[in-house]
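Read through the structure below, which is laid out as structure tokens, and then see the notes.
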Amino acid sequence: MNRKLIDWPTFIASFVILLGVVIPLVIFPEKGEALVNRINDFVSGSFGFLYLIMGLGIFFFLIFVAFSQNGHVKLGEKDEKPEFGTASWAGMLFSAGIGSSILYWATIEWAYYYQGPPFGVDPTESQLETLQWASTYGIFHWGPIAWAIYTLPAIPMAYFFYVRKTPVIKISETLRPILGQTSDSFIGRIIDVLFIFGLLGGAGTTLALGTPLITAGVSDLTGLEDTMTLRTIILLGVTVIFAVSSYLGLKEGIKRLSDFNLALAIFLLIFVFVTGPTLFIAEASTNSIGLILDNFFHMSTWTEPFANFDQFNETGFPEAWTVFYWAWWLVYAPFVGLFIARISRGRTIRQVIVGTIVYGSLGCVLFFGIMGNFGLYLQLTGAYDIVSVLNEQGAPVAIITIINQLPFAKFMVLVFVLLSVVFLATTFDSSSYILASVTQHEVEDGEPERWNRLFWAFTLCILPLTLMFLGGLGTLQTASIVGGFPLIFIMFLLGWSFMRASTGDLKADDKFRRKTVVLDYKRIREKIRQRRQKRKGKTEQDQNDE
Ligand code: NM2
């Protein structure tokens, strides 16, 4: 164990701030909750539009970068090959950025929109419209804008790590071209710590959704009652899996688990697609893609501005869904960005941008298109009233009920539960790996210290677990999502910092190239002169000889 490698101020500050937030929540759960909720209502109510602008802005900024000269820059040496093959790379970034929440929301999100559609549509009057949005909106919330939010931090981080060869992976380091020495100061520390806090809260949300889902599946399979003890055992089991994977490292652990995850996910999707209503799934998914393309700008900017006036009903849809989702993707973004950066050596910036957005969205389209439309189909044909199960017994039971309608039902529930566990673990192994990287001064051979990875793996699990017991997990979620608010501005700085550094480097490179061309030219002229002189000398000698 090499203690010198650890960046103690960041390490300790992160931990202290975490305890500073969690302990009051444990001691004053109600007051804490009320306060955090008030702040949340204020932020998402008053600044929701900022999140929407951020999403759209990031999306177009990245498209611009991908097709500008900065997009051609290779992350690494000029002739270097990508460190990971494209399939593994896409699989890893998907497994890291997406946790068990996709199994949860892909299967059930439609049922919420079915009852409360967007754009003020009345579900009883305009049923067709309601259905179209129910099968579409989830895809949008997990689509290109969401993936663009993940990609933005990856670009400057990868640039500084592989092109400028800065040995640390830290947000503050990435902002150096703009912040200058401020990066080393208190503000730099706050930026790094903020990201850790955001990630823990985002991860808390994931656990809060994932654990009841897995428990609902386990109690369906075994008949055991869904109790706190069962949840705790399950959570600790998952923690052991991701701690081992993170301990083994990127190639031995994380990549293998992610490959397995992908194979299992593909099996589930193909099975549901083939044994389920294949044609309906295909048609509804295709229809959704068109609907999103047609309404892309409306969906990405809908703020419900007139709902505050008495004569209109406020649905709260934008805050409850789109703004909440963008905020959730945002708190995960620095971590996923760091992870994407870490695995993208040897790719060009354009490949990273296009690859992440395209593969990421495609994976989500498949999940939502197949799982979601399967559930919707059950509802529409009257095969099973999923919406009533949802309203009476909650989402986890409703989701397991949907899976139970497949052929070989119990086996498929088992696959689904296993997949949820692995999806959860593949997000948490990479988060603990990255948390360990950012609390170190330097990462030797690209890998942070093992004990540091284990420490964060357990912190990631123990903290939400404590809050789950004592109440207050919901508060931590809300707190982290609100706490992620400043990240909007940090995202802006990250984009700016990248443009400044890479454009500057390109210009310098250009000058250098021109200089070398001039030098070569000079050398060529010199050579010609020498040759002429030689020839002249020779002829003179010949003449003399004669
Ligand atoms: N996002 C993708 O639980 C998870 O799936 C982790 C959630 C941000 C909505 C990520």
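Ligands are counted one by one from 1 in listed order, and the atoms in each one are counted from 1 as well. Model, not experiment: these values are computed from the prediction. Both backbone and side-chain heavy atoms feed into the values below; hydrogens, waters and symmetry mates do not.
- Remark: distances from the non-hydrogen atoms of W142 to ligand 1 include one below 4.0 Å.
- The shell of residues lying under 4.0 angstrom from ligand 1, judged by heavy atoms, includes G97.
- When only modelled atom types and interatomic distance are considered, N261 and S95 share a side-chain donor-acceptor pair under 3.5 Å.
- Checked against the 6.0 Å centroid criterion, the rings of F324 and F317 do not qualify as a close aromatic pair.
- Between F498 and F160, a ring centre-to-centre spacing not shorter than 6.0 Å is recorded.
- Comparing heavy-atom distances from atom 1 (N) of ligand 1 across W147, F324, Y150 singles out Y150 as nearest.
- For F423, the heavy-atom gap to ligand 1 stays at 4.0 angstrom or more.
- In this structure, T136 OG1 and L131 CG are separated by 10.0 Å, a value rounded to the nearest 0.5 Å.
- Between T427 and ligand 1, no pair of N/O atoms sits closer than 3.5 Å.
- Nearest protein neighbour of atom 9 (C) of ligand 1, counting heavy atoms only, is W328 CE3, 3.4 Å.
- Set against the non-hydrogen atoms of G99, the atoms of ligand 1 under 4.0 Å away are 3 (O), 4 (C), 5 (O), 6 (C).
- What sits closest to atom 3 (O) of ligand 1 on the protein, heavy atoms only, is S101 OG, 2.3 Å.
- Ring centroids of Y332 and W329 are separated by 6.0 Å or more, keeping the two rings apart.
- Note on ligand 1: I98 sits in its first shell, one or more heavy atoms being nearer than 4.0 Å.
- Aromatic rings from F368 and H141 are positioned such that their centres are separated by 6.0 Å or more.
- In this structure, the ring of W328 has its center no less than 6.0 angstrom from the ring center of W105.
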